[in-house]
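For reference, the structure is listed below as C-alpha cells.
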Amino acid sequence: MPELPEVETIRRQLEPLLTGSTIAAVDSHGSDKFSPALDAAGATITAIRRRGKYLLFDLDDERELVAHLGMTGSFSVIDVTPKTAPSCADHGPHTRAVWALADGRHLVFNDTRRFGRLRVVDTGDYSDIPTLHHMGPEPLDDEFDGASLHAAVKASSRPIKTQLLSQRPVSGVGNIYADEALFLAGIDPRARRVGRQRCDALALTIKSVLKAGIDNGGTTLRDYVNAEGEEGQNQHELVAYGRGGEPCVTCAEPLQTVVLDARTTTFCRNCQRR
DNA sequence: CCAGCAGCCTGAAAGC
DNA sequence: TGCTTTCAGGCTGCTG
C-alpha cells in the first residue's frame, strides 16, 4: 500500500525519465477512475511532484495529471519498438492507463485492485479531489512540527490515529507508518487527547519513520514495487505494523492488535499510553 | 460543518 | 483436493 515513502521513491525514478516528454496518445480503462487519463493527450510533462500520497505530473498547458496509487497502483516506463498505439490490453490484465510518449516509450499504470485514481486538473485546482484539497503540511517540511501538529489535532476528540490517516494534520501517513510513528512516540493509537509535548515527540517520529522509509526504498508487504519493478526494503525495519502477537522490541510483551477505522492497528499496551 | 460508515476491488491465504 | 470465506485498506460520497 503506497504511502509517502513509496510514492516519493517512484517520483524520484520517474522524474528524470519523463521530464520533457510529450504525450502523443493515451489509452485507458473505461472506469471513471481511470478514463480522465485521456485528458493528458498532447501535453508535455514539465515536472513531477508529490503531495502526500499523490503524484503530480505538471503539464505544459497549465494543467496537471494527478495520480493516486490506491492499494496496488504502480507505474513503469517501457521501451516499445517499433512504435505502436497505446493499448492497455497489450501491457497486461491489470493495466488501467497507457500514455504513449512521442519518442515511442510507454508510461504504464497498473492497478490490480482498482483503488487508484487518475485526474487531469487545472494547476493547483484540487476542488474536485477532497483529500488533496484539504491536505495538511508535508511531514518533511520545517513547517510541520509539534506545534503545528498539536494545533491541528487539539480541536478534535477522534482517536489520534484516525486523525493522522485523515491527511489533515499532516500528509502522506498511512496505516503502516502511523503504527510505526505512534509506537516510537509511545502514544496509544486510540488516544483522544494528545498534548503539546506528545505532539512534539510524534512529529519527530513521523519524520523519522518516513525518512527511513524513503532511504529504504519503501515498504513492500504484498504488492508495492517501484518504477523499476523492484520491491522496497523497509519492511525489514518495521517494529509495530504487522507484528501483532510478536514481542515488543522494547518490553517484550506481545503486541496487541485492534481494529480502528476498519484498519488493523498494532501497538504495545505497555509502552504506548492513552 | 463534522463523524461514522458502506462501498469500491482482486488475489492470496485461511477455513471447511 | 476444491470450494467458500476472510482479509488487506485509502478514499469517496452518502447519511445523520
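Sequence lines set the chain letters: A, B, ... in the order given, protein chains first and strands last, and positions in each chain run from 1. Only heavy atoms go into these numbers, but all of them, side chains included; no hydrogens, no water, no symmetry mates.
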[atom1] of [X] versus [atom2] of [N]: gap in Å, rounded?
X	N	atom1	atom2	answer
A/Arg243	C/dA8	CZ	P	17 Å
A/Arg158	B/dC1	CZ	C1'	13 Å
A/Asp223	B/dC9	CG	P	17 Å
A/His94	B/dC9	NE2	P	13 Å
A/Asn110	B/dC9	CG	P	17 Å

List the atom pairs, donor and acceptor, that lie under 3.5 Å between side-chain atoms in residues 267-274 of chain A and the rest of the protein, sequence neighbours left out.
residue: A/Arg269; atom: NH1; partner: A/Gln256; partner atom: OE1; Å: 3.4
residue: A/Gln272; atom: OE1; partner: A/Cys268; partner atom: N; Å: 2.8
residue: A/Gln272; atom: NE2; partner: A/Leu182; partner atom: O; Å: 3.3
residue: A/Gln272; atom: NE2; partner: A/Ile187; partner atom: O; Å: 2.8

TODO: For A/Arg158 and A/Ser166, test the side chains for any donor-to-acceptor distance below 3.5 angstrom and give the result as yes or no.
DONE: no
- [ ] Starting at the 5' end of nucleotides 10-16 of chain C, put B wherever the base has a protein heavy atom under 4.0 Å, S where only the sugar-phosphate does, and a dash everywhere else.
- [x] BBS----
- [ ] Please work out the stems of DNA chain C from pairs that are Watson-Crick or G-U wobble with both distances under 3.5 Å, keeping only runs of three or more consecutive pairs.
- [x] B:2-16 with C:2-16
- [ ] State whether A/Arg113 places a side-chain N or O below 4.0 Å from either non-bridging phosphate oxygen (OP1 or OP2) of B/dC8.
- [x] no
Task: Short side-chain N/O contact to B/dC2 OP1/OP2 from A/Ser156, under 4.0 Å - done: no
Open item on the list: Using a 6.0 Å cut-off, check whether atom CD of A/Glu230 has over 12 heavy atoms from anything other than its own residue.
Closed with: yes
